[in-house]
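To start, the structure itself, in structure tokens.
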Protein chains: 2
Amino acid sequence: MTTSKQAAPRPTRGAATRQKILVEASRQFAVRGYYGTATRDIAEAVGVRQPSLFFHFPNKQAIVEELLRYSLERPTEVARQVLALPQPAAMRIYRYVWFDTHHLLASPYDLTGVHRDELMDAPDFHEWREKAHKLRRDIQELVRAGHVDGSLRPVDPVLAQELISGMNLNTIRMAHAGRPTPRVDVPTFVAEFTLRAVLADVTTLPEVAVGAMALPLDPAS
Amino acid sequence: MTTSKQAAPRPTRGAATRQKILVEASRQFAVRGYYGTATRDIAEAVGVRQPSLFFHFPNKQAIVEELLRYSLERPTEVARQVLALPQPAAMRIYRYVWFDTHHLLASPYDLTGVHRDELMDAPDFHEWREKAHKLRRDIQELVRAGHVDGSLRPVDPVLAQELISGMNLNTIRMAHAGRPTPRVDVPTFVAEFTLRAVLADVTTLPEVAVGAMALPLDPAS
DNA sequence: GTCTATACGCAGATAGAC
DNA sequence: GTCTATCTGCGTATAGAC
């Protein structure tokens, strides 16, 4: 264990190429979509020939699956933990939204392309569709919990979750789309924007924001 | 001029096929993306052979362009009109969001697939990218107007507009995704959700909602 | 690890009969 | 208007040299 940890299965030098493939592929997927991106495009962005990709990944699908893993595993874990925190649902939802935006923004990848229906609805990606679905349902449950404990307005949970997810993805898309990220703290902006829309009493927002970040979470799975 | 108006250039019978092509194509584009959808898939859904599509449209791009036209022309026109109304910006933004959600939901097409970057960023669709961009900037201007007249909180206009657009599209996507539309009035839900997040004073929401729908707009361009 | 050469299928589009 | 047959280019992936 003398070397640092690598998410990639290649501890040798040249693992840099593998990483670069993931970064460039995520950008292309975000802009042109998975099916709109040719492996030649990825290879060109990386600076290698097209067949060289297949030394690092068995096929195109494996590339996008690694991005899906990164995009879903940690948020799923966090959602599960947040769901169990002994707090009003308003605080827990704040925390989840904040984390999710932060996670997507801090990522080396532009993950806006891998959440689209064109992928999730394909039979090959059934497993990932399930995971994304489970995550959505956890958020819906959080909204329902807020109805019970009175911290959230009685909004339709599915509709609310869909609005939240849509906001989040579009923010990330914009942030990655070149122009310098706005001067505001984006995760906080998104979390507060969301909470204003669903809070039972808007005047509680400051204390919700503070309370939300108070309790610790496990750092990893 | 004895026949009723047709958006399509084919007043003969068999125009039904043309319409069906647009409907089915929009569905496939929403699910698999433009590049992920083969003209054979569209043809099969319509119930004709693949080359028959090319009697009604010169090529695949022309199909998606007609959907883009439907998706952007009226909302652009409405945004322009709303921008000029003598009202607080809060009311005008409410109205625009309500209209846009309503327009997308009432459409015979599932237009969630045609707004994606994979299309807009392609050189062939440059013209449409411009139109979409202009629409976004009108919304941003509306947010700024709200800062000036004091009806909206001083949120980052670009970020806010991006959140609004993201919400809207995801709602439509969900509504089209099979399951029976929630029992709530979706355009009103989305408009109120949005306004809560950006209103300077949330208690004014009821009067904003009423005032927003009071002034008349031109019915068509 | 990365290259060149290439196999092979699929997608968009045309020609021309009916 | 819709069909069958078919062309052509592109995209993923493999073989094998370096």
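Letters A, B, ... are given to chains in the order of the sequence lines, protein chains preceding strands, and every chain is numbered from 1. Just so we're clear, the structure is a prediction, and the values are computed from it rather than from any experiment.
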* May I have the step-by-step check of salt bridge (charged side-chain N to carboxylate O under 4.0 Å, His left out) for A:Arg18 and A:Glu66, ending in yes or no? => CA-CA 11 Å; A:Arg18 189 192 153 89; A:Glu66 185 143 333; 2.4 Å; yes

Whole angstrom is fine here: how far is it from [atom1] in [X] over to [atom2] in [N]?
{"X": "A:Arg49", "N": "D:dA17", "atom1": "CZ", "atom2": "C1'", "value": "16 Å"}
{"X": "B:Phe57", "N": "C:dA13", "atom1": "CZ", "atom2": "P", "value": "13 Å"}
{"X": "A:Phe55", "N": "D:dT14", "atom1": "CZ", "atom2": "C1'", "value": "15 Å"}
{"X": "B:Phe29", "N": "C:dA11", "atom1": "CZ", "atom2": "C1'", "value": "13 Å"}
{"X": "A:Leu53", "N": "D:dA15", "atom1": "CG", "atom2": "P", "value": "17 Å"}

* Asked: Got a sec? Which of residues 110-122 of chain A come in under 4.0 Å of DNA chain D, heavy atoms?
  ->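 DNA chain D contact set from residues 110-122 of chain A: none.
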
For [X] and [Y], which heavy atoms make the closest approach, and how far apart are they?
{"X": "A:Pro75", "Y": "A:Phe99", "answer": "CA-CE2, 3.7 Å"}
{"X": "A:Thr188", "Y": "A:Trp98", "answer": "OG1-NE1, 3.3 Å"}
{"X": "B:Leu105", "Y": "B:Ala175", "answer": "CD2-CB, 3.5 Å"}

* **C:dG1 OP1/OP2 closer than 4.0 Å to side-chain N/O of A:Ser52** =>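 Answer is no, no contact under 4.0 Å.
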
* Considering just the side-chain nitrogens and oxygens of A:Thr17, establish if one lies under 4.0 Å of OP1 or OP2 belonging to C:dG1. =>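 False: A:Thr17 side-chain N/O out of range (4.0 Å or more) of C:dG1 OP1/OP2.
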
* Would A:Arg80 and A:Glu77 satisfy salt bridge (charged side-chain N to carboxylate O under 4.0 Å, His left out), going step by step from the backbone distance to the final call? -> CA-CA 5 Å; A:Arg80 206 188 55 72; A:Glu77 172 64 18; 3.6 Å; yes

* Centre of A:Phe54's six-membered ring, under 6.0 Å away, within 45 degrees of the axis: is that where NZ or CZ of A:Lys60 sits? ->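 Geometry flag: not set, cation outside 6.0 Å or 45°.
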
* Scan A:Arg173, A:Met167, A:Met174 and name whichever one has a side-chain contact (heavy atoms from CB on, under 4.5 Å) with A:Asn170. =>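 For A:Asn170, the side-chain contact (heavy atoms from CB on, under 4.5 Å) check succeeds only for A:Arg173.
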
* If the sugar-phosphate is the primed atoms plus P, OP1 and OP2 and the base is the rest, what is the B/S/- string for nucleotides 6-12 of chain D, using protein heavy atoms under 4.0 Å? -> -----BB

* For B:Arg49, does the CZ atom have more than 12 heavy-atom neighbours from other residues, nucleotides or ligands under 6.0 Å away? -> no

